[in-house]
Structure formats: structure tokens, C-alpha cells
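Reviewing the structure listed below.
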There are 2 protein chains.
Amino acid sequence: MMKKALDLSLYLVTDRGLTLGRDLCTIVEAAVQGGVTCVQLREKDCETGEFVELALQLKTLLDGYNVPLIINDRIDVALAVDAAGVHIGQSDMPYEIARRLLGNDKYIGLSVETLDEAMVANALDVDYIGISPIFSTQTKQDIKQPFELEGAKRVVEITRHPTVAIGGIHPHNVARVMQTGVDGVAVVSAIVSAIDPQQNAKELSSIIHQNKKTL
Amino acid sequence: MMKKALDLSLYLVTDRGLTLGRDLCTIVEAAVQGGVTCVQLREKDCETGEFVELALQLKTLLDGYNVPLIINDRIDVALAVDAAGVHIGQSDMPYEIARRLLGNDKYIGLSVETLDEAMVANALDVDYIGISPIFSTQTKQDIKQPFELEGAKRVVEITRHPTVAIGGIHPHNVARVMQTGVDGVAVVSAIVSAIDPQQNAKELSSIIHQNKKTL
């Protein structure tokens with residue numbers, strides 16, 4: 001099976017701690033119905049059995065919408081549920097090992113936190129890079145200096161990979177983020193913590209498509 | 001490559017929190033020189049990159065002594081470093097998925113915390129079971145009622161698998177543990193926190209071999 005290009009337009013990253021007590025699968029389904037094009041399951045303090053269970057539930061759900069499931073960090077979980085791929089950070093599995101374990105048919109996304117890391121990523125056959133964070137955010141604690149709009153624009157200029165920006169992106173700033181030339185935006189709380197996740201996804205999706213740079 | 005039977009006699013499980021500030025690799029090497037026959041790397045709060053790095057160091061070290069390296073829980077890490085196998089608990093990756101991902105040439109050990117779990121394990125092609133815990137211990141918090149010597153004896157009677165007992169085993173009680181008929185004992189603090197890990201391993205190893213049940 002040949003990989004097709006990933007649609008990074010509106011990329012949802014999960015966080016069960018931010019659902020305001022609601023079921024994650026319900027939120028993800030609403031988000032997908034609102035226009036989310038890719039879902040990353042991120043679990044940082046979860047036993048492997050529960051992680052696999054949750055990944056399987058999301059996989060089944062997302063297969064019905066033809067939306068790819070990406071697993072954060074855990075290549076074992078991605079392999080276990082035959083996810084579309086993984087997203088790795090700079091402290092996760094080294095890219096070359098991840099690629100060897102997953103093969104060429106799976107997507108691998110890599111977070112870059114500096115321009116230098118974006119340069120280094122040009123030597124790797126990653127499927128996309130995450131520009132992380134573009135703005136400061138409460139969702140991730142272990143982050144470096146935000147890129148801001150200017151930094152994101154620089155990354156877009158120097159990288160040979162598709163790009164998705166993450167961190168503090170909400171309806172009020174998503175147009176400006178898209179105007180940097182990124183291929184998409186990743187959000188956590190803007191959807192997961194929204195009163196109406198489907199409506200928020202729809203709003204984000206609409207602004208994203210209006211502001212997408214075309215070559 | 002055909003799997004040979006794992007020598008479970010003296011099975012070291014690591015815990016970097018219990019080394020009293022000493023380097024883990026140094027302790028593991030001393031332990032192996034003292035008679036440890038199998039090493040399990042257990043890391044519960046470690047980023048994947050660091051886990052892989054540490055596993056690679058131990059793998060290189062242990063290959064030199066022809067001692068197998070088992071990775072706790074993380075099949076991705078085991079695959080990344082070509083470890084001899086994994087040890088999984090009841091809340092980790094389901095056995096069938098673990099076997100599919102690792103193939104038949106790798107060892108899979110499974111912790112059982114009740115007699116019922118030991119019965120269920122008879123239906124699985126695990127390479128050994130861990131009787132966990134045999135005594136109460138401070139090393140693991142998430143454990144059930146200890147088996148005690150009588151419980152371990154019952155597991156040995158009903159299981160079709162090789163067995164290793166874990167939990168609160170030290171030189172003063174290891175003879176009685178071996179007399180239950182288990183194939184070996186697993187220790188953490190008895191070696192990792194020992195003033196002289198090599199000497200403690202030697203002492204344990206000697207008692208284990210004197211008290212090994214032969215058919």
C-alpha cells in the first residue's frame with residue numbers, strides 16, 4: 001500500500017486531561033464531523049494496555065471517517081493497532097530506528113523546537129514536521145521558546161517537509177498562522193476543551209481553508 | 001535463530017531509583033560477574049529516547065557476558081535494541097499482540113498476581129511467568145496480595161511454564177523460595193541497593209544453586 005499525502009489542515013492532538021470530564025471518543029467523533037483531517041492520540045501517563053485499548057477504539061472510529069490515526073511517541077502502540085503512523089519529539093525514539101520499526105508505509109512526524117532542528121530534519125525522510133510551539137501554551141510544559149509567526153515563516157522557508165504548527169492556536173489567531181505558509185495547524189484545547197467541539201472544528205476548518213497558501 | 005531455554009536462576013530487575021546514586025551499568029556489570037543470569041530493564045518514568053539509550057548500553061554490556069536483556073513493558077524499546085525479549089504485566093500490552101509484534105524468537109515473560117492469572121497463562125505460549133509478589137515489598141506499589149511460600153508452591157503445581165518469583169527476596173529467605181520449586185528468583189533492591197552488588201549476587205546465586213529442585 002502506497003502512502004498518500006497526509007492532509008494536515010486541521011490536526012487534532014488529544015489530551016484526556018482537558019476534556020472537562022467528557023468521553024474522548026465522543027469529542028473526537030464530533031471534531032471529525034466538524035472537519036478535523038488527522039488525529040494524534042497522545043497519552044503520557046497511561047499503562048500500555050489501556051493505551052492500546054483506547055487506540056483501538058479511536059482506530060475503529062476514525063477508519064469509519066477515513067481519517068488517519070497517529071500515535072504520539074509509542075511505536076509499540078502504533079504497531080499494535082496498525083495506526084497510520086507516529087509522531088515523535090526530539091526526546092523520543094530516534095527517527096532512524098522509528099522508521100526501521102515502522103517501515104516506509106507509515107507516517108512519521110517529528111516535532112522541531114528550533115530552526116536548527118528543522119535544518120537537521122531536512123536530512124530525514126519524515127512525512128511532516130511539527131513547528132512546536134508556535135505560541136506559548138499551558139498544554140505542554142516541556143517546551144522551548146515559541147517560534148511566533150516570524151519563526152514559523154522561517155521554518156516554512158527552510159524546510160523541505162510539509163509543516164503543521166502547534167501551540168496556543170485558536171480561532172482568533174489561526175488565519176495569521178496559516179498565512180505563514182504552514183500546511184496545517186494542530187490544536188488540543190481549542191477543540192478538546194470546547195463547549196461544542198464540532199462547531200469549533202468547523203470554524204477552525206473554515207478559516208484554515210480560506211487562508212491556505214496555494215503555490 | 002532458535003530460542004534456547006532462559007536461565008531464570010538469578011534474575012535482576014533494575015530500578016534506577018534504588019541505586020543509591022550509583023551508575024546502573026556499573027551495578028549490572030558487577031551483578032553479572034556475581035552470577036546474575038538474566039537482566040530486566042525496568043523504567044517507568046523515562047522518555048523513550050533515554051530508555052533506548054540506556055537499553056543499548058545494557059545490551060552492549062550484557063552481550064559481552066552472554067546474558068540476555070529483557071525489557072519491561074516496552075516492546076518498541078525491545079525491538080529498537082534487539083533485546084532478547086520483554087516482560088509484561090497484566091496491564092501492559094495483551095500477550096497475543098506482544099507475540100505478534102515480537103515474533104517467536106523473542107522471550108515473553110508475564111507477571112501473574114493470582115492463581116487464576118496463572119491458570120489463564122497456561123493457555124498462552126509465554127516463555128515464563130513471574131510470581132508477583134511472593135512477599136510484600138516497597139519496590140512496587142501497584143501490587144496485589146503476596147503469594148507467600150504456599151501460594152508460590154501452588155502456582156508451580158498448576159503452571160506449565162517456567163517460573164520466577166519476585167518481591168522481597170533477599171539472602172535470608174531465598175533458600176525457602178527456591179524450595180517451593182520455582183526455577184529462579186528475581187530481585188531488585190537485594191542487588192541494586194547492595195553495598196557490594198557483586199558479593200550479594202554471588203551469595204544469592206550460591207544459595208539458589210544449592211536449593212534448586214531437580215526432577
Quick one: of B:Asp45, B:Asp76, B:Thr48, who has the most non-hydrogen atom pairs under 4.5 Å with chain A?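 Option with the greatest count: B:Asp76.
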As an exercise: rank B:Lys44, B:Arg74, B:Glu50 by heavy-atom pairs under 4.5 Å with chain A and give me the winner. B:Arg74
Check each atom of A:Leu101 against the heavy atoms of chain B and say whether the ones under 4.5 Å are side chain, backbone, both or neither.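 Side chain only.
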Does any non-hydrogen side-chain atom of A:Leu79 lie less than 4.5 Å from one of B:Leu79? yes
Judged by atom type as modelled, is there a donor-acceptor pair below 3.5 Å linking the side chain of A:Arg100 to the main-chain atoms of B:Ala80?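 Yes; judged by distance alone, with no hydrogens or angles, the pair exists.
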What option among A:Ile88, A:Val81, A:Asp73 has the most heavy-atom pairs under 4.5 Å with chain B? A:Asp73
Which atoms of B:Ile75 come close to chain A, meaning under 4.5 Å heavy atom to heavy atom: side chain ones, backbone ones, both, or neither?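 Contact with chain A involves both backbone and side-chain atoms of B:Ile75.
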